[in-house]
Protein chains: 2
Amino acid sequence: ALSFVHNIVSHTREKITSNKQDVRKLIHSAKVGIALVLVSLLYLLDPLYDQVGDNAMWAIMTVVVIFEFYAGATLGKGLNRGIGTILGGGLGCLAAYIAQEVGGTGNSIIIAISVFIFGAGATYTRLVPKIKKRHDYGLMIFILTFNLVAVSGLRAEKVLEIARERLSTIGMGFAVCVFISLVVFPTWASDELHDSTASKFQDLAESLQGCMEDYFRLANEKENEPSASSFSSCKSVLNSKAKDELLANFAKWEPWHGKFGLYYPWGKYLKLGELLRELAASLVSLKHCLQSPRQPSTTLRQSIKEQCEEVGCSLAWSLRELGDSIKKMRKCQQAELIAPKVKAMRVELSSAVSANSKLGQTENIDALAVASFVFLLMEVVEKVQVLAKE
Amino acid sequence: ALSFVHNIVSHTREKITSNKQDVRKLIHSAKVGIALVLVSLLYLLDPLYDQVGDNAMWAIMTVVVIFEFYAGATLGKGLNRGIGTILGGGLGCLAAYIAQEVGGTGNSIIIAISVFIFGAGATYTRLVPKIKKRHDYGLMIFILTFNLVAVSGLRAEKVLEIARERLSTIGMGFAVCVFISLVVFPTWASDELHDSTASKFQDLAESLQGCMEDYFRLANEKENEPSASSFSSCKSVLNSKAKDELLANFAKWEPWHGKFGLYYPWGKYLKLGELLRELAASLVSLKHCLQSPRQPSTTLRQSIKEQCEEVGCSLAWSLRELGDSIKKMRKCQQAELIAPKVKAMRVELSSAVSANSKLGQTENIDALAVASFVFLLMEVVEKVQVLAKE
């Protein structure tokens, strides 16, 4: 019955989150549509078109390319694009100017060589992991602008004017994007990172409990169907590194807002994520014991049932408590409660093991794995105590 | 001494791979530079410029945006760009035509509405995970082209001609990219996926051995400094999901080449990666036992030393063998050898445990964890036997 309630709870939670995600996606789509219409007005309204002419194209291009789901991603791409355009345009002008000074067929050769050098150099820089993370897009725009300006500089005499006009239309596109992305129902990557970290605690607590239940339900009913649902949430925590890093990367671009104030704890979130993944790894290997064909006899399992269930419950409780305290961004008042609890759990477990010390092989693997959890959890608790000080 | 040799081996291996990576990066950069110069010739050579005019810009843009590190990524982006441009251009022409038929101020309104609907719709589609994976870029280009064509269709009378010219220059850029990316020193994502899968086996074997050594060296010397190097390679396996999926995604775009023939086992690589990650999770939790402050007494550890080391060695041997067989793409002849070996290991472990059944808590956690490895490894062996049939 308990596991049934759990299933319902987790399903409802999933539905709510997925609905929320859907609404956010719809809002984002509408925002992009509005931004596109606004920027299209540069073409559609005669007085505006007289001002910018065909360069309005660049504003549209900017909006399409820059507008991302998270506000931080939009800002980061926009700033990268701006800097890349200015640098590339400047260097391109310089190259075109030098080539024109040389004159003759020499100028084409100079342009070709500079295109090769800057193109290859910037491409190599893009492959450096650290730069790739933050400035990949900016470097791409740099290559693009440099090439266009340097190459067309030979044809068009008024390169500078073209550059000025394009830059101003790109600026308009950027302004529209930033305004709509940051002011109208903004989707902050930092909030997402915060929420996903908190919900990871819940997920782990749930899958820990599910695991315990399976183990002793198996003992009772000899049914061999461990609930896969709690397992998958555990695995998604395990595979969350890439997503977390992406979010933290976006969050770094985001300005001061809401509950975070001027304090930027993204590094701590990443560290916490790392610890949670380690915990998830332990849970996964605990689950493998569950699925192993060599199961201990029922009576053996029954003999450790009580202590293990107790420990499992209080572990899950501690995880939930920590997740809550992160969610609400308050110092974890329960942290002092958790530390002695963990101590009690250890005692409990060692008594469970010593009472059964003459048992065979597999029956206390569960208890032993739980014992290693406890140790791991201690670490998490310590880490969270650091975080809770924020 | 053994661990010292191991360190040197793994360091050399690392250096060779990183040098190889560096060379590949340099080659890639040079390739991009050459492609850019080739496409710039459209501007630089007078007879070519007379043909295409300012539309040469689009060829440059295509090369800059499309050319990616892996051949598969370049192809995928190029095809996405082509399809997105054609679809967006077609629908944009249609919208512009309808708007012109209506005439008056009505046409601006119709254009604005269609821009909003298609922009928002395509943006929403981009957020669907499955489509995002493969066609994110194509949808972005669709939005861009649709907007540009629909909006400028009101101004320029000869939309169709412009579209034709742009499409042909984009085609030129695409051709240059594909030729250089696929013919000149191609970097295949499929090869990368293959090699990284094979080297994961090696990494796990190494970290398993490192772990065993640490455990019994600690027993001997009571030094508390587990080697962090083997731990990090284990963790990188654990966090490899995102990269694997990216590579498999690129590999799907790649045409027939080299050793893979017409057989595309990308799904199997992903499955294998999943199993390897599970194994890595077990290894990580095994390592936590190592770092736990509650270490069993030296004599207790000594009593299980022999059996554990033997099992560790043969496990590492099996992993290496499997990795080799994948690397060389031959059916694993050792597979038949491994299965009985695993059985022998089990017997060994249970004897180790039963001989020490009265021991306390932590000293056989190692052996028990290894026992669960054995089970896991059995699964991997079975999986590899499936894979080896290719």
Side-chain angles (χ1 to χ4, degrees), chain A residues 25-26 28-30 32-34 36-37 40 43-44 49 54 57 60-61 64-65 69 108 111-112 115-117 119-121 123-124 127 140 143-144 147-148 151-152 154-155 238-239 241-242 277-278 281-282 284-285 288-289 292 350 353-354 357-358 360-362 365 368-369 371-372 375-376, chain B residues 25-26 28-30 32-34 36-37 40 43-44 49 54 57 60-61 64-65 69 108 111-112 115-117 119-121 123-124 127 140 143-144 147-148 151-152 154-155 238-239 241-242 277-278 281-282 284-285 288-289 292 350 353-354 357-358 360-362 365 368-369 371-372 375-376:
Chain A
K25 280 179 186 172
L26 280 175
H28 171 69
S29 306
V32 172
I34 290 168
L36 285 175
V37 170
S40 297
Y43 260 105
L44 297 178
Y49 185 75
D54 275 333
M57 188 179 85
I60 294 179
M61 215 177 269
V64 172
V65 171
F69 192 66
S108 288
I111 291 293
V115 161
F116 179 82
I117 290 176
T123 306
Y124 189 77
L127 294 172
M140 191 174 96
I143 301 175
L144 178 63
N147 245 23
L148 286 182
V151 157
S152 63
L154 286 182
R155 298 279 169 188
L238 203 57
N239 291 323
K241 187 190 173 76
R277 273 192 291 283
E278 282 175 14
S282 314
V284 167
S285 57
H288 283 301
C289 310
S292 155
S350 25
V353 173
S354 62
S357 61
K358 286 184 295 292
Q361 181 176 349
T362 343
I365 190 165
L368 290 169
S372 77
F375 170 66
L376 205 59
Chain B
K25 280 180 186 172
L26 281 175
H28 171 69
S29 306
V32 172
I34 291 167
L36 284 175
V37 170
S40 297
Y43 259 105
L44 298 177
Y49 185 74
D54 275 332
M57 188 180 84
I60 294 179
M61 217 177 268
V64 173
V65 172
F69 192 67
S108 288
I111 291 291
V115 162
F116 179 81
I117 290 176
T123 306
Y124 189 77
L127 294 173
M140 191 174 97
I143 301 175
L144 178 63
N147 244 24
L148 287 181
V151 157
S152 63
L154 286 182
R155 299 279 169 187
L238 203 56
N239 291 322
K241 185 188 173 78
R277 273 191 292 282
E278 282 175 15
S282 314
V284 167
S285 58
H288 283 300
C289 309
S292 156
S350 27
V353 174
S354 61
S357 62
K358 286 187 296 291
Q361 182 176 348
T362 342
I365 191 165
L368 289 169
S372 77
F375 170 68
L376 205 59

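Order of the sequence lines fixes the chain letters, A, B, ..., with proteins taken first and strands second; residue numbering starts at 1 for each chain.
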Peer 1: Out of B:L144, B:V65, B:I143, which one racks up the most heavy-atom pairs below 4.5 Å with chain A?
Peer 2: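 Result: the option with the highest number of such pairs is B:L144.
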Peer 1: For B:I117, is it the side chain, the backbone, both, or neither that has a heavy atom closer than 4.5 Å to a heavy atom of chain A?
Peer 2: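 Contact with chain A is absent: no heavy atom of B:I117 under 4.5 Å.
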Peer 1: Please classify the contact of B:V32 with chain A as side chain, backbone, both or neither, using a heavy-atom distance under 4.5 Å.
Peer 2: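 For B:V32, the side chain is the part near chain A, not the backbone.
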Peer 1: Using a cut-off of under 4.5 Å for heavy-atom pairs, which of A:V37, A:L127, A:I60 has the most such pairs with chain B?
Peer 2: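 Among the listed options, the one with the most contacts to chain B is A:L127.
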Peer 1: Out of curiosity, B:N147 CG to A:M61 CE, how far, rounded to the nearest 0.5 Å?
Peer 2: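 So the gap between those two atoms works out to 11.0 Å.
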Peer 1: For the atom pair OG (A:S40) and CZ (B:F116), what is the distance rounded to the nearest 0.5 Å?
Peer 2: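 Going from OG on A:S40 over to CZ on B:F116, the span is 12.0 Å.
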Peer 1: Checking side chain to side chain contact (heavy atoms under 4.5 Å, CB included) for the pair B:Y124/A:H28: CA distance, chi angles, key distance, verdict?
Peer 2: CA-CA 8 Å; B:Y124 189 77; A:H28 171 69; over 6 Å; no
Peer 1: Considering only heavy atoms and a distance below 4.5 Å, find which of B:G33, B:G119, B:S29, B:A30 pairs most often with chain A.
Peer 2: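 Option with the greatest count: B:S29.
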Peer 1: Heavy-atom distance under 4.5 Å between the side chains of A:V151 and B:M57, does that happen here?
Peer 2: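 A:V151 vs B:M57: side chains apart.
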